[in-house]
**Q** 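Quick one: the structure is below, and I'll ask about it shortly.
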Amino acid sequence: MKALLLSEYKKLELAELPQPEPGADEVLVRVAACGICGSDVHGYDGTSGRRIPPIVMGHEAAGTIAKVGTAVSGFQVGDRVTFDSTVYCGQCDFCRRGEVNLCDYRQVVGVSCGDYRRAGAFAEYVVVPQRILYKLPDALSFPAAAMLEAVSVALHAVRLSELQGGETALVIGAGMIGLLTLQAARAGGASRVVVADIDATRLKLAKEMGADHTLQLSGAELVAEVMRLTENKGVDVALEAVGRNETVSVAIDSVRKGGTVTLIGNITPEVTLPLQKVVTRQLRLQGTAASAGEYQQAIELMMSGKIQVKPLITAVAPLSEGARWFERLYAHEPNLMKVVLAPSETAEAVR
Ligand SMILES: [Zn+2]
Ligand SMILES: [Zn+2]
(Lines give C-alpha, C1' and ligand atoms only; values in the text may rest on other atoms or scores of the structure.)
(Ligands and ions follow the chains in the order given, each with its own letter.)
Protein backbone atom coordinates (compact mmCIF):
# COMPACT_ATOMS: atom_id res chain seq x y z
CA MET A 1 0.00 0.00 0.00
CA LYS A 2 0.99 3.62 -0.44
CA ALA A 3 1.83 5.51 2.74
CA LEU A 4 3.27 8.89 3.65
CA LEU A 5 6.26 7.86 5.72
CA LEU A 6 8.20 10.18 8.01
CA SER A 7 11.53 8.49 7.24
CA GLU A 8 13.57 11.07 9.15
CA TYR A 9 12.70 14.36 10.81
CA LYS A 10 11.31 16.86 8.28
CA LYS A 11 11.42 14.24 5.55
CA LEU A 12 8.15 12.74 4.31
CA GLU A 13 8.15 10.32 1.42
CA LEU A 14 5.49 8.43 -0.44
CA ALA A 15 6.52 4.84 0.35
CA GLU A 16 5.28 1.39 -0.55
CA LEU A 17 4.61 -0.48 2.72
CA PRO A 18 3.03 -3.88 3.40
CA GLN A 19 -0.72 -3.74 3.94
CA PRO A 20 -1.34 -4.45 7.65
CA GLU A 21 -3.43 -7.42 8.84
CA PRO A 22 -6.12 -6.91 11.48
CA GLY A 23 -5.85 -8.96 14.69
CA ALA A 24 -8.88 -10.74 16.19
CA ASP A 25 -10.51 -7.62 17.67
CA GLU A 26 -9.30 -5.22 14.98
CA VAL A 27 -10.48 -3.95 11.61
CA LEU A 28 -8.63 -2.85 8.51
CA VAL A 29 -9.87 0.56 7.34
CA ARG A 30 -9.37 1.82 3.80
CA VAL A 31 -8.61 5.46 4.57
CA ALA A 32 -10.62 7.97 2.55
CA ALA A 33 -9.62 11.11 4.48
CA CYS A 34 -7.14 12.01 7.20
CA GLY A 35 -6.59 15.51 8.56
CA ILE A 36 -3.16 16.93 9.32
CA CYS A 37 -3.21 17.81 13.03
CA GLY A 38 -1.13 20.54 14.65
CA SER A 39 0.48 17.81 16.73
CA ASP A 40 1.65 16.08 13.53
CA VAL A 41 3.25 19.32 12.38
CA HIS A 42 4.90 19.76 15.81
CA GLY A 43 6.07 16.14 15.76
CA TYR A 44 7.47 16.38 12.26
CA ASP A 45 10.68 18.20 13.22
CA GLY A 46 11.29 16.19 16.38
CA THR A 47 10.54 18.93 18.93
CA SER A 48 7.66 17.05 20.56
CA GLY A 49 9.49 13.72 20.67
CA ARG A 50 6.18 12.02 19.78
CA ARG A 51 6.84 11.15 16.13
CA ILE A 52 10.13 9.25 16.22
CA PRO A 53 10.89 8.11 12.63
CA PRO A 54 10.18 5.94 10.83
CA ILE A 55 6.46 6.49 11.42
CA VAL A 56 3.28 6.90 9.40
CA MET A 57 1.44 9.74 11.20
CA GLY A 58 -2.27 10.64 11.03
CA HIS A 59 -5.05 10.17 13.60
CA GLU A 60 -7.99 12.28 12.34
CA ALA A 61 -9.36 9.83 9.84
CA ALA A 62 -12.41 8.30 8.21
CA GLY A 63 -12.88 5.55 5.68
CA THR A 64 -14.46 2.22 4.85
CA ILE A 65 -13.92 -1.13 6.56
CA ALA A 66 -11.98 -3.42 4.23
CA LYS A 67 -11.48 -6.43 6.52
CA VAL A 68 -12.65 -7.48 9.99
CA GLY A 69 -10.86 -9.62 12.58
CA THR A 70 -12.37 -12.93 13.70
CA ALA A 71 -13.71 -11.58 17.02
CA VAL A 72 -15.25 -8.37 15.62
CA SER A 73 -19.02 -8.02 15.88
CA GLY A 74 -21.39 -5.23 14.87
CA PHE A 75 -19.16 -3.98 12.06
CA GLN A 76 -18.72 -5.39 8.58
CA VAL A 77 -16.81 -4.84 5.38
CA GLY A 78 -18.10 -1.75 3.60
CA ASP A 79 -19.19 0.14 6.74
CA ARG A 80 -18.26 3.82 6.68
CA VAL A 81 -16.44 4.60 9.92
CA THR A 82 -14.27 6.97 11.89
CA PHE A 83 -12.28 6.17 15.01
CA ASP A 84 -11.10 7.75 18.23
CA SER A 85 -7.53 9.01 18.00
CA THR A 86 -6.94 7.49 21.44
CA VAL A 87 -6.51 3.76 21.64
CA TYR A 88 -7.62 3.06 25.22
CA CYS A 89 -7.40 -0.28 26.98
CA GLY A 90 -11.04 -0.46 28.06
CA GLN A 91 -10.12 -2.10 31.38
CA CYS A 92 -8.18 0.24 33.67
CA ASP A 93 -9.89 2.29 36.41
CA PHE A 94 -10.13 5.35 34.14
CA CYS A 95 -11.61 3.41 31.22
CA ARG A 96 -14.17 1.80 33.53
CA ARG A 97 -15.28 5.27 34.60
CA GLY A 98 -15.62 6.33 30.97
CA GLU A 99 -12.57 8.59 31.18
CA VAL A 100 -10.94 6.82 28.24
CA ASN A 101 -8.83 9.89 27.41
CA LEU A 102 -7.04 9.33 30.73
CA CYS A 103 -6.44 5.59 30.20
CA ASP A 104 -3.32 4.30 31.94
CA TYR A 105 -2.32 2.46 28.77
CA ARG A 106 -3.38 5.17 26.34
CA GLN A 107 -1.82 5.15 22.89
CA VAL A 108 -2.47 7.56 20.04
CA VAL A 109 -2.87 6.42 16.44
CA GLY A 110 0.05 7.59 14.29
CA VAL A 111 2.38 8.29 17.22
CA SER A 112 5.76 6.81 18.03
CA CYS A 113 7.39 7.85 21.27
CA GLY A 114 9.70 6.09 23.71
CA ASP A 115 6.93 3.73 24.88
CA TYR A 116 5.20 2.59 21.71
CA ARG A 117 4.88 2.94 17.97
CA ARG A 118 1.47 2.81 16.29
CA ALA A 119 1.02 3.30 12.55
CA GLY A 120 -1.37 6.07 11.53
CA ALA A 121 -3.73 6.90 8.71
CA PHE A 122 -1.66 8.84 6.19
CA ALA A 123 -1.78 5.57 4.26
CA GLU A 124 -4.20 3.65 2.09
CA TYR A 125 -4.96 1.34 5.01
CA VAL A 126 -4.76 1.45 8.79
CA VAL A 127 -5.57 -1.16 11.45
CA VAL A 128 -7.49 -0.08 14.57
CA PRO A 129 -9.27 -1.99 17.37
CA GLN A 130 -13.05 -2.31 17.10
CA ARG A 131 -13.66 -0.60 20.46
CA ILE A 132 -12.58 2.81 19.12
CA LEU A 133 -14.78 2.70 15.98
CA TYR A 134 -17.88 4.78 15.21
CA LYS A 135 -20.23 4.30 12.26
CA LEU A 136 -20.82 7.31 10.02
CA PRO A 137 -24.11 8.42 8.47
CA ASP A 138 -24.06 8.23 4.65
CA ALA A 139 -24.72 11.96 4.41
CA LEU A 140 -21.51 12.87 6.23
CA SER A 141 -18.63 13.23 3.75
CA PHE A 142 -15.28 11.66 4.57
CA PRO A 143 -13.37 14.98 4.76
CA ALA A 144 -16.03 16.35 7.15
CA ALA A 145 -15.83 13.12 9.16
CA ALA A 146 -12.06 13.60 9.47
CA MET A 147 -12.94 16.70 11.53
CA LEU A 148 -14.88 14.68 14.13
CA GLU A 149 -11.84 14.23 16.33
CA ALA A 150 -11.35 18.00 16.64
CA VAL A 151 -15.08 18.57 17.14
CA SER A 152 -15.04 15.98 19.95
CA VAL A 153 -12.16 17.81 21.63
CA ALA A 154 -14.21 21.02 21.60
CA LEU A 155 -17.31 19.26 22.93
CA HIS A 156 -15.28 17.68 25.72
CA ALA A 157 -13.93 21.08 26.79
CA VAL A 158 -17.46 22.49 26.89
CA ARG A 159 -18.81 19.45 28.77
CA LEU A 160 -16.16 19.89 31.47
CA SER A 161 -17.10 23.59 31.70
CA GLU A 162 -20.52 22.44 32.97
CA LEU A 163 -22.71 25.02 31.28
CA GLN A 164 -26.26 25.12 32.60
CA GLY A 165 -27.62 27.28 29.77
CA GLY A 166 -27.69 31.05 29.32
CA GLU A 167 -24.03 31.67 30.10
CA THR A 168 -21.77 34.26 28.57
CA ALA A 169 -18.59 32.67 27.26
CA LEU A 170 -15.27 34.03 26.06
CA VAL A 171 -13.21 31.93 23.67
CA ILE A 172 -9.57 33.02 23.47
CA GLY A 173 -7.87 31.92 20.25
CA ALA A 174 -9.76 31.52 16.96
CA GLY A 175 -7.69 28.66 15.54
CA MET A 176 -9.21 25.34 14.64
CA ILE A 177 -10.05 24.30 18.21
CA GLY A 178 -11.17 27.79 19.22
CA LEU A 179 -13.62 28.03 16.31
CA LEU A 180 -15.02 24.60 17.10
CA THR A 181 -15.20 25.47 20.81
CA LEU A 182 -17.20 28.58 19.92
CA GLN A 183 -19.75 26.39 18.13
CA ALA A 184 -19.69 23.73 20.87
CA ALA A 185 -20.32 26.39 23.54
CA ARG A 186 -23.26 27.69 21.54
CA ALA A 187 -24.63 24.14 21.10
CA GLY A 188 -24.02 23.57 24.82
CA GLY A 189 -26.32 26.41 25.82
CA ALA A 190 -24.16 29.55 26.03
CA SER A 191 -26.38 32.52 25.15
CA ARG A 192 -23.57 34.89 24.24
CA VAL A 193 -20.14 33.95 22.91
CA VAL A 194 -17.29 36.40 22.52
CA VAL A 195 -14.22 35.33 20.52
CA ALA A 196 -10.84 37.03 20.80
CA ASP A 197 -7.78 36.66 18.59
CA ILE A 198 -5.15 38.93 17.08
CA ASP A 199 -5.79 37.66 13.54
CA ALA A 200 -8.56 39.44 11.60
CA THR A 201 -9.07 36.61 9.10
CA ARG A 202 -9.74 34.11 11.84
CA LEU A 203 -12.13 36.49 13.56
CA LYS A 204 -14.05 36.84 10.31
CA LEU A 205 -14.54 33.06 10.37
CA ALA A 206 -15.59 33.27 14.02
CA LYS A 207 -18.27 35.78 13.06
CA GLU A 208 -19.50 33.49 10.28
CA MET A 209 -19.65 30.64 12.74
CA GLY A 210 -21.89 32.46 15.16
CA ALA A 211 -19.75 34.58 17.49
CA ASP A 212 -21.81 37.46 18.97
CA HIS A 213 -18.73 39.63 19.34
CA THR A 214 -15.27 39.25 17.87
CA LEU A 215 -12.47 41.21 19.50
CA GLN A 216 -9.17 41.82 17.76
CA LEU A 217 -7.49 42.74 21.02
CA SER A 218 -5.14 41.25 23.58
CA GLY A 219 -3.97 41.88 27.14
CA ALA A 220 -5.50 44.66 29.25
CA GLU A 221 -7.42 46.09 26.27
CA LEU A 222 -9.14 42.78 25.73
CA VAL A 223 -10.06 42.46 29.41
CA ALA A 224 -11.44 46.03 29.40
CA GLU A 225 -13.64 45.31 26.39
CA VAL A 226 -14.92 42.04 27.88
CA MET A 227 -15.80 43.98 31.06
CA ARG A 228 -17.60 46.63 29.03
CA LEU A 229 -19.64 43.94 27.24
CA THR A 230 -20.64 42.29 30.53
CA GLU A 231 -21.46 45.39 32.64
CA ASN A 232 -18.20 44.92 34.51
CA LYS A 233 -19.15 41.48 35.78
CA GLY A 234 -16.96 39.34 33.55
CA VAL A 235 -18.02 36.27 31.60
CA ASP A 236 -19.29 33.08 33.24
CA VAL A 237 -16.74 30.93 31.48
CA ALA A 238 -13.54 31.58 29.58
CA LEU A 239 -12.33 28.86 27.24
CA GLU A 240 -8.61 29.34 26.68
CA ALA A 241 -7.46 27.76 23.42
CA VAL A 242 -3.92 29.14 23.19
CA GLY A 243 -1.89 28.35 26.31
CA ARG A 244 0.47 31.28 26.77
CA ASN A 245 1.13 33.40 29.83
CA GLU A 246 -0.72 36.46 28.47
CA THR A 247 -3.77 34.56 27.23
CA VAL A 248 -4.21 32.51 30.40
CA SER A 249 -3.88 35.70 32.39
CA VAL A 250 -6.57 37.40 30.25
CA ALA A 251 -8.85 34.39 30.76
CA ILE A 252 -8.48 34.65 34.53
CA ASP A 253 -9.08 38.43 34.48
CA SER A 254 -12.14 38.09 32.24
CA VAL A 255 -14.31 35.69 34.24
CA ARG A 256 -16.77 36.73 36.92
CA LYS A 257 -16.34 35.78 40.58
CA GLY A 258 -17.02 32.07 40.92
CA GLY A 259 -16.53 31.60 37.17
CA THR A 260 -14.70 28.90 35.27
CA VAL A 261 -11.53 29.06 33.20
CA THR A 262 -11.26 26.02 30.97
CA LEU A 263 -7.71 25.43 29.81
CA ILE A 264 -7.51 23.79 26.40
CA GLY A 265 -4.38 25.28 24.80
CA ASN A 266 -0.96 24.20 26.00
CA ILE A 267 1.47 25.69 23.55
CA THR A 268 3.86 26.54 26.40
CA PRO A 269 4.64 24.08 29.20
CA GLU A 270 4.35 26.65 32.03
CA VAL A 271 2.51 29.86 32.79
CA THR A 272 2.47 32.16 35.82
CA LEU A 273 -0.58 31.70 38.01
CA PRO A 274 -2.05 34.88 39.56
CA LEU A 275 -2.88 32.90 42.66
CA GLN A 276 -4.70 35.53 44.69
CA LYS A 277 -7.03 36.43 41.83
CA VAL A 278 -7.98 32.79 41.48
CA VAL A 279 -8.36 32.08 45.20
CA THR A 280 -10.07 35.25 46.40
CA ARG A 281 -12.47 35.32 43.47
CA GLN A 282 -13.10 31.58 43.86
CA LEU A 283 -12.41 30.66 40.24
CA ARG A 284 -12.38 27.15 38.88
CA LEU A 285 -9.46 26.24 36.63
CA GLN A 286 -10.42 23.20 34.58
CA GLY A 287 -7.94 21.38 32.37
CA THR A 288 -9.30 19.38 29.45
CA ALA A 289 -7.59 16.76 27.31
CA ALA A 290 -8.68 15.10 24.06
CA SER A 291 -12.20 13.64 24.32
CA ALA A 292 -14.00 10.87 26.13
CA GLY A 293 -16.97 9.53 24.23
CA GLU A 294 -18.12 12.74 22.50
CA TYR A 295 -17.91 11.29 18.97
CA GLN A 296 -21.58 10.33 18.73
CA GLN A 297 -22.68 13.77 19.91
CA ALA A 298 -20.22 15.33 17.44
CA ILE A 299 -21.75 13.33 14.59
CA GLU A 300 -25.27 14.46 15.58
CA LEU A 301 -24.32 18.14 15.90
CA MET A 302 -22.59 18.08 12.52
CA MET A 303 -25.57 16.35 10.89
CA SER A 304 -27.99 18.91 12.35
CA GLY A 305 -25.80 21.77 11.13
CA LYS A 306 -25.25 23.12 14.66
CA ILE A 307 -21.55 22.56 14.16
CA GLN A 308 -20.11 23.48 10.78
CA VAL A 309 -16.70 22.29 9.70
CA LYS A 310 -16.69 22.98 5.99
CA PRO A 311 -15.37 26.57 6.29
CA LEU A 312 -12.46 25.19 8.32
CA ILE A 313 -11.21 22.83 5.62
CA THR A 314 -8.57 24.68 3.59
CA ALA A 315 -7.83 21.86 1.17
CA VAL A 316 -8.45 18.20 0.42
CA ALA A 317 -5.35 16.85 -1.32
CA PRO A 318 -3.99 13.51 -2.52
CA LEU A 319 -1.43 11.69 -0.39
CA SER A 320 1.25 12.45 -2.99
CA GLU A 321 0.95 16.15 -2.08
CA GLY A 322 1.17 15.47 1.65
CA ALA A 323 4.86 16.35 2.02
CA ARG A 324 4.29 19.73 0.36
CA TRP A 325 1.33 20.53 2.62
CA PHE A 326 3.38 19.64 5.68
CA GLU A 327 6.06 22.09 4.55
CA ARG A 328 3.49 24.84 4.12
CA LEU A 329 1.93 24.18 7.52
CA TYR A 330 5.35 23.97 9.13
CA ALA A 331 6.28 27.33 7.60
CA HIS A 332 3.15 28.83 9.24
CA GLU A 333 1.78 30.01 5.93
CA PRO A 334 -1.08 32.36 6.80
CA ASN A 335 -4.73 31.43 6.41
CA LEU A 336 -4.24 27.67 6.47
CA MET A 337 -6.74 25.89 8.65
CA LYS A 338 -7.35 22.15 8.23
CA VAL A 339 -5.65 20.27 5.42
CA VAL A 340 -7.16 16.86 4.75
CA LEU A 341 -5.28 14.18 2.81
CA ALA A 342 -7.21 11.58 0.82
CA PRO A 343 -5.01 8.46 0.76
CA SER A 344 -7.22 6.03 -1.13
CA GLU A 345 -8.46 8.48 -3.73
CA THR A 346 -6.75 9.32 -7.00
CA ALA A 347 -5.50 12.89 -7.41
CA GLU A 348 -8.28 13.53 -9.94
CA ALA A 349 -11.05 12.32 -7.62
CA VAL A 350 -9.86 14.61 -4.84
CA ARG A 351 -10.23 17.68 -7.03
ZN1 LIG B 1 -5.25 15.76 16.38
ZN1 LIG C 1 -7.62 2.11 30.12
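The figures that follow rest on heavy atoms only: side chains count, while hydrogens, waters and symmetry mates do not. Counting convention: from 1, in listed order, for ligands and their atoms alike.
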**Q** Provide the atom name of the closest N, O or S atom of Glu60 relative to the Zn ion (ligand 1).
**A**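 For Glu60, the N, O or S atom at the smallest distance from the Zn ion (ligand 1) is OE2.
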**Q** I'd like to know if Lys204 pairs up with Asp199 as an ion pair, taking the criterion as any Lys NZ or Arg NE/NH1/NH2 lying under 4.0 Å from an Asp or Glu carboxylate oxygen.
**A**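 No, no charged N to carboxylate O under 4.0 Å.
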**Q** Could you tell me the angle subtended at the Zn ion (ligand 1) by SG of Cys37 and NE2 of His59, rounded to 10°?
**A**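 That angle is 100°.
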**Q** May I have the step-by-step check of side-chain contact (heavy atoms from CB on, under 4.5 Å) for Tyr88 and Tyr105, ending in yes or no?
**A** CA-CA 6 Å; Tyr88 44 86; Tyr105 306 97; over 6 Å; no
**Q** Less than 3.5 Å apart, any donor N or O on the side chain of Thr262 or Gln286 sitting next to an acceptor on the other?
**A**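 No donor-acceptor contact under 3.5 Å links the two side chains.
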**Q** Calculate the angle formed at the Zn ion (ligand 2) by SG in Cys92 and SG in Cys89; 10° precision is enough.
**A**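 Roughly 110°, rounded to 10°.
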**Q** Does the cation-pi check pass for Arg97 over Phe94, that is, NZ or CZ under 6.0 Å from the six-membered ring centre and within 45° of its axis?
**A**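 Yes, Arg97 sits over the ring of Phe94.
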